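Numbered from 1 within each chain, the chains take letters A, B, ... in sequence-line order. Fair warning: this is a prediction, and the values are worked out from it, not measured in the lab.
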2 protein chains.
Amino acid sequence: MKRNSRLSLALHTLSHMAGSPDRMRTSGDIAEHAGTNPVVVRRVLGKLREAGLLTSEKGHAGGWRLARKPQDITLADVYLALDERMVATDETSDASACSVEHALHERVSGVLKEIEESLVQKLSETSIAEVRGV
Amino acid sequence: MKRNSRLSLALHTLSHMAGSPDRMRTSGDIAEHAGTNPVVVRRVLGKLREAGLLTSEKGHAGGWRLARKPQDITLADVYLALDERMVATDETSDASACSVEHALHERVSGVLKEIEESLVQKLSETSIAEVRGV
DNA sequence: ACCATCCGTAACTTTTCTGGTTGCATTAGT
DNA sequence: ACTAATGCAACCAGAAAAGTTACGGATGGT
């Protein structure tokens, strides 16, 4: 796997689960399906569980299941759950002595933050059910 | 610097250059300004030159200058010049035997590509001049 | 009671990405 | 000639991420 694998893995898995929402799936199944490792799957899906998108059960008949209906899970939910900010810069303390520079830095950061917000807005317009489509 | 440093560096540099578009700046100046290395600056700015956003001149009085007016350079131009796709997945050959799986994979890829396009669209609505702002 | 199965988590390794650095050829002005 | 700049290639170092192994805890079947 390469870049953006987490978002991609999450999306693929959720879309797949949306097919039969009641079926319980193990991280092993999902991993094999996605061509990766059960632990990696649990790591990513754990984030989604924290965000309330999935539930997991331990033990013999344990596994993973959607916590909501597919149409109630948006791409924004997934994106935010993974806690990856794609365009927004980190809030590095601007060490520039010049105040004009500082102001410019603020402007650039602000613009990037706006772009990030618009991305989330766009993501919120599509649900997992719609990804599955048709 | 951390993630997105290239985009951030490019944006900051262009915004700064937009202040006095006729002034020639060396990679050394820019690097010192950005707290990084001249070679790194040339790497990033080289991409922008390839995309026609900047011009560079070798030799004694050489350096970098905007190739267009700041209002004619959009954030999308910069983003695309850097050739970093943030949300779109790479076109990995889908090795899934099942055709249903393949179709789902295509759907997810398609959705991500749409998101990417909408991001670029959003970026194209803001110019460097506007970033500089006010 | 026992056992197989599955999640949760930690620790470690390997790979990949990226910025930083050095060196050198080339170009251009003085 | 000399100086100062880009262009480019090669390499190093550090961080980030995936992959792997291992083990503890929970759960259900036998």
* To do: Quick one: do A/H33 and A/R25 satisfy side-chain hydrogen bond (donor to acceptor under 3.5 Å, both in side chains)? Show the steps, please.
  => CA-CA 11 Å; A/H33 203 85; A/R25 293 156 211 264; over 6 Å; no
* Does the side chain of B/T26 get closer than 4.0 angstrom to OP1 or OP2 of D/dA5 through an N or O atom? -> no
* B/R25 vs D/dA5: side-chain N/O to OP1/OP2 distance below 4.0 Å -> no
* Taking N and O atoms by type only, does the side chain of B/R43 place a donor or acceptor under 3.5 Å from a partner on the base of D/dG7? -> no
* Asked: So, is B/S56 near the phosphate of D/dT6, with a side-chain N or O under 4.0 Å from OP1 or OP2?
  -> no
* **Separation of atom NZ in A/K47 from atom P in C/dG8, rounded to whole Å** => 14 Å
* Gap between atoms CG and C1', on B/N37 and D/dG14 respectively (whole Å) -> 15 Å
* Asked: So does A/R65 pair up with A/E57, basic N to acidic O under 4.0 Å?
  -> yes
* **Test log, rule side-chain hydrogen bond (donor to acceptor under 3.5 Å, both in side chains), inputs B/E130 and B/S127** => CA-CA 5 Å; B/E130 290 168 82; B/S127 72; 3.1 Å; yes
* Taking CG from A/L7 and C1' from D/dA18, how many angstroms apart are they, rounded to a whole number? -> 16 Å
* Can you check whether B/W64 reaches B/T55 side chain to side chain, under 4.5 Å on heavy atoms? -> no
* To do: With DNA chain D as reference, determine whether A/V39 or A/K58 sits nearer its 5' end, using the nearest nucleotide of each.
  => A/V39
* **Whole angstrom value for the distance that separates P of D/dT6 from CD of B/E50** => 16 Å
* Asked: C/dG20 phosphate, OP1 or OP2: any side-chain N/O from B/T36 under 4.0 angstrom?
  -> yes
* Asked: When the distance from CD of A/E57 to C1' of C/dA4 is rounded to whole Å, what number comes out?
  -> 17 Å
* **Proximity to the side chain of B/R49 - top-ranked nucleotide from D/dG28, D/dA22, D/dT6** => D/dT6
* Between A/K113 and A/E117, is any pair of side-chain heavy atoms under 4.5 Å apart? -> yes
* Asked: For A/H60 and D/dG25, what is the distance between atoms NE2 and C1' respectively, to the nearest whole Å?
  -> 16 Å
* Asked: Between D/dT3, D/dA18, C/dG19, which one does the side chain of B/S5 approach most closely?
  -> C/dG19
* Value in whole Å for how far the P atom of D/dA18 lies from CD1 of A/I30 -> 16 Å
* Any side-chain N or O of A/R42 under 4.0 Å from OP1/OP2 of C/dT9? -> no
* Whole angstrom value for the distance that separates P of D/dT6 from CG of B/L48 -> 14 Å
* **Closest to side chain of A/W64, choosing from C/dG8, C/dT18, D/dT6** => C/dG8
